[in-house]
Amino acid sequence: MAPPSQLLPPTLQILRHRCHLSTVVSPPSKAVLYDEHGAPEQVLRVADAPPVHLGDRDVCVRMLAAPINPSDINRIEGVYPVRPPLPGAVGGSEGVGQVHALGPAVTAPLSPGDWVIPSPPSFDLHRQAPECLAKVRSDVPMEYAATATVNPLTALRMLQEFVKLNPGDAIVQNGATSIVGQCVIQLAKLHGIHTINIIRDRPGSEEAKDKLKQLGADEVFMESQLDMKNVKSLLGALPEPALGFNCVGGNAASLLLKFLRQGGTMVTYGGMSKRPVTVPTSYFIFKDISLRGFWLQRWMNSDKAEDCRTMIDYLLGLVHEGKLKYEMELIPFGEFSLALEKALGKHGSQPKQVMRF
């Protein structure tokens with residue numbers, strides 16, 4: 001059974017802007033499709049994509065690599081706010097490809113061989129224009145180019161958008177082992193911001209703690225360590241954090257709130273535990289805590305296309321300089337079923353799964 005969304009976009013795509021026909025036809029390709037919402041392992045299928053004529057303003061892109069993100073799974077399940085039309089939906093919205101051919105009327109500054117990403121993310125074969133492709137550097141590992149648009153960009157935006165942070169300030173986050181969490185640690189450290197990180201109690205927690213410390217985390221606590229009234233006594237010389245990032249919800253969000261200083265802000269960008277955020281009334285009255293939400297897609301669908309591309313260039317520059325890294329597992333397309341199982345958590349905690357086509 002075929003894998004999910006971002007993991008498995010077509011290996012070769014025509015991004016159609018007009019329906020002018022030409023004598024240039026797309027090479028043989030495959031796509032991962034689904035005709036109805038449901039469990040990814042049940043509804044996904046790999047299919048041969050019929051050849052498509054390259055129109056005057058079309059760009060033919062050969063996919064190189066693409067990850068499986070939680071939002072991909074949610075789209076396939078039908079529980080994500082934005083979903084592609086059915087039947088025949090193509091799984092995925094993030095990845096990196098290489099320009100294979102250009103229509104004669106394409107005006108975008110692209111050439112065959114260029115690495116490109118969809119900006120904003122989308123693999124809707126019938127609604128993309130060449131202008132929605134962003135050229136990216138090709139001197140970084142392809143898995144980083146394939147994954148820069150969602151998780152690292154989320155980390156960067158959240159650090160910039162909600163609270164003005166100065167060197168010496170601190171932030172707190174749960175879900176610190178996620179790619180967003182790993183990026184938050186490194187980006188914050190580059191700007192002199194301290195990070196307090198919360199992770200789940202599970203086998204391998206000590207190893208995970210050591211890895212986060214190596215990335216630059218100031219403090220890493222397991223949830224069980226925070227079952228106490230005065231958690232701020234654990235901070236030592238670190239300042240009380242002004243900003244918190246919550247991607248878990250439930251008890252993990254409550255633990256995060258304990259750390260925030262007077263007038264602090266908690267930003268929720270995920271809900272992995274599928275449990276609501278519960279806030280004691282006293283936090284609002286006596287601590288003036290603010291609760292905010294962040295959804296990257298809403299920001300990217302505004303008038304932020306140029307800002308987005310500038311930030312992605314910045315992030316990939318950090319990757320090239322060795323200042324930004326995160327755990328991934330690069331897997332050949334032929335092993336997509338295993339990658340899907342890992343992405344669905346059927347093999348325990350795993351790095352981000354990235355398919356190589």
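All of these numbers come straight from a predicted model, not from anything done at the bench.
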Peer 1: Donor-acceptor pair, distance only, cut-off 3.5 Å: does the side chain of Thr265 make one with the backbone of Ser290?
Peer 2: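 Between the backbone of Ser290 and the side chain of Thr265 there is no qualifying donor-acceptor contact (under 3.5 Å).
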
Peer 1: Any Lys/Arg nitrogen of Glu143 or Lys352 sitting under 4.0 Å from an Asp/Glu carboxylate oxygen of the other?
Peer 2: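 Salt bridge between Glu143 and Lys352, a charged N being under 4.0 Å from a carboxylate O: no.
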
Peer 1: For the pair Asp313 (side chain) and Thr310 (backbone), establish whether a donor and an acceptor sit closer than 3.5 Å, ignoring hydrogens and angles.
Peer 2: no

Peer 1: Mind running side-chain contact (heavy atoms from CB on, under 4.5 Å) on Glu161 and Phe294 for me, showing each step along the way?
Peer 2: CA-CA 10 Å; Glu161 186 162 317; Phe294 180 76; 3.9 Å; yes

Peer 1: Just by distance, with hydrogens left out, do Tyr326 and Thr147 show a side-chain donor and acceptor under 3.5 Å apart?
Peer 2: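 Side chains of Tyr326 and Thr147: pair found under 3.5 Å.
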
Peer 1: Would you say that more than 12 heavy atoms from the other residues, nucleotides or ligands in this model lie under 6.0 Å from the CZ of Arg202, or not?
Peer 2: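 Yes, enclosed.
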
Peer 1: For residues 183-193, dump all side-chain donor-acceptor pairs below 3.5 Å to protein atoms at least two apart in sequence or in another chain.
Peer 2:
| from | atom 1 | to | atom 2 | distance (Å) |
| --- | --- | --- | --- | --- |
| Gln186 | OE1 | Lys325 | N | 2.9 |
| Gln186 | NE2 | Gln182 | O | 2.9 |
| Gln186 | NE2 | Lys325 | O | 2.7 |
| His191 | ND1 | Leu187 | O | 2.9 |

Peer 1: Donor-acceptor check, side chain of Asn246 to backbone of Val248, threshold 3.5 angstrom: yes or no?
Peer 2: yes

Peer 1: Nearest heavy-atom pair of Trp295 and Pro81: which atoms, and what distance?
Peer 2: CH2-CB, 4.0 Å

Peer 1: What are the two closest non-hydrogen atoms of Ala252 and Asn174, and how far apart are they?
Peer 2: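 Taking Ala252 first and Asn174 second, the nearest heavy atoms are O-ND2, 3.3 Å.
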
Peer 1: Got more than 12 heavy atoms from elsewhere within 6.0 Å of NZ, Lys135?
Peer 2: no

Peer 1: Is there a path of hydrophobic side-chain contacts, each under 4.5 Å between heavy atoms, that joins Leu234 and Leu256?
Peer 2: yes

Peer 1: Have His37 and Glu77 got a donor and an acceptor in their side chains that come within less than 3.5 Å?
Peer 2: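 The criterion, which ignores hydrogens and geometry beyond distance, is not satisfied for Glu77 and His37.
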
Peer 1: State whether Lys346 and Glu41 are salt-bridged, where the test is any N-O pair (Lys NZ or Arg NE/NH1/NH2 against Asp/Glu carboxylate O) under 4.0 Å.
Peer 2: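 Looking at Lys346 and Glu41, the cut-off is met.
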
Peer 1: Check for me, please, whether Leu324 and Ile171 land in the same ILVMFWY cluster - side-chain distances under 4.5 Å, paths through other members count.
Peer 2: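 Linked within one cluster.
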
Peer 1: Does any pair with a residue in residues 145-168 pass ring pair (Phe, Tyr, Trp, His ring centres under 6.0 Å), and if so which ones, sequence neighbours excluded?
Peer 2: none

Peer 1: Kindly check if the number of other-residue, nucleotide or ligand heavy atoms within 6.0 Å of CG (Asp201) is above 12?
Peer 2: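 Enclosed: over 12 neighbouring heavy atoms sit under 6.0 Å from CG of Asp201.
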
Peer 1: Is the shortest side-chain N to carboxylate O distance from Arg45 to Asp35 below 4.0 Å?
Peer 2: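 A salt bridge is present here (some side-chain N lies under 4.0 Å from a carboxylate O).
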
Peer 1: Is there a donor-acceptor pair closer than 3.5 Å between any side-chain N or O of Asp114 and the backbone N or O of Ser111?
Peer 2: yes

Peer 1: Say whether, by atom type as modelled, one donor and one acceptor occur between the side chain of Asp227 and the main chain of Ser224 under 3.5 angstrom.
Peer 2: no

Peer 1: Closer than 3.5 angstrom, by distance alone: can the side chain of Gln225 be matched with the main-chain N or O of Met222 as a donor-acceptor pair?
Peer 2: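 Confirmed, Gln225 side chain pairs with Met222 backbone.
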
Peer 1: Has Thr177 got a side-chain atom pairing as donor or acceptor with Ile199's backbone, closer than 3.5 angstrom?
Peer 2: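 No.
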
Peer 1: Enumerate donor-acceptor pairs with a distance under 3.5 Å from any side-chain N or O in residues 282-289 to protein atoms, sequence neighbours excluded.
Peer 2:
| from | atom 1 | to | atom 2 | distance (Å) |
| --- | --- | --- | --- | --- |
| Lys287 | NZ | Leu260 | O | 2.6 |

Peer 1: So do the side chains of Val180 and Cys247 get within less than 4.5 Å of each other, counting heavy atoms only?
Peer 2: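 No - every pair of side-chain heavy atoms lies 4.5 Å or more apart.
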
Peer 1: So which atom in Gln98 and which in Gly113 form the shortest heavy-atom distance, rounded to 0.1 Å?
Peer 2: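 Heavy atoms of Gln98 and Gly113 come nearest at NE2-O, 3.3 Å.
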
Peer 1: Determine the minimum heavy-atom distance between Pro239 and His194, stating which atoms define it.
Peer 2: CD-CD2, 4.1 Å

Peer 1: Can you tell me how far apart CD (Gln173) and OG (Ser178) are? Round to the nearest 0.5 Å.
Peer 2: 6.5 Å

Peer 1: Same hydrophobic cluster for Leu316 and Leu159, using side-chain heavy-atom links shorter than 4.5 Å among ILVMFWY?
Peer 2: yes

Peer 1: Assess the side chains of Thr195 and Asn197: does a donor N or O sit below 3.5 Å from an acceptor N or O?
Peer 2: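 Thr195 vs Asn197: donor-acceptor pair found between side chains.
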
Peer 1: Determine the minimum heavy-atom distance between Leu54 and Cys60, stating which atoms define it.
Peer 2: CD1-N, 3.9 Å

Peer 1: Of all the heavy-atom pairs spanning Ser233 and Met228, show the shortest one and how long it is.
Peer 2: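 So the minimum-distance heavy-atom pair works out to OG-CE, 3.7 Å.
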
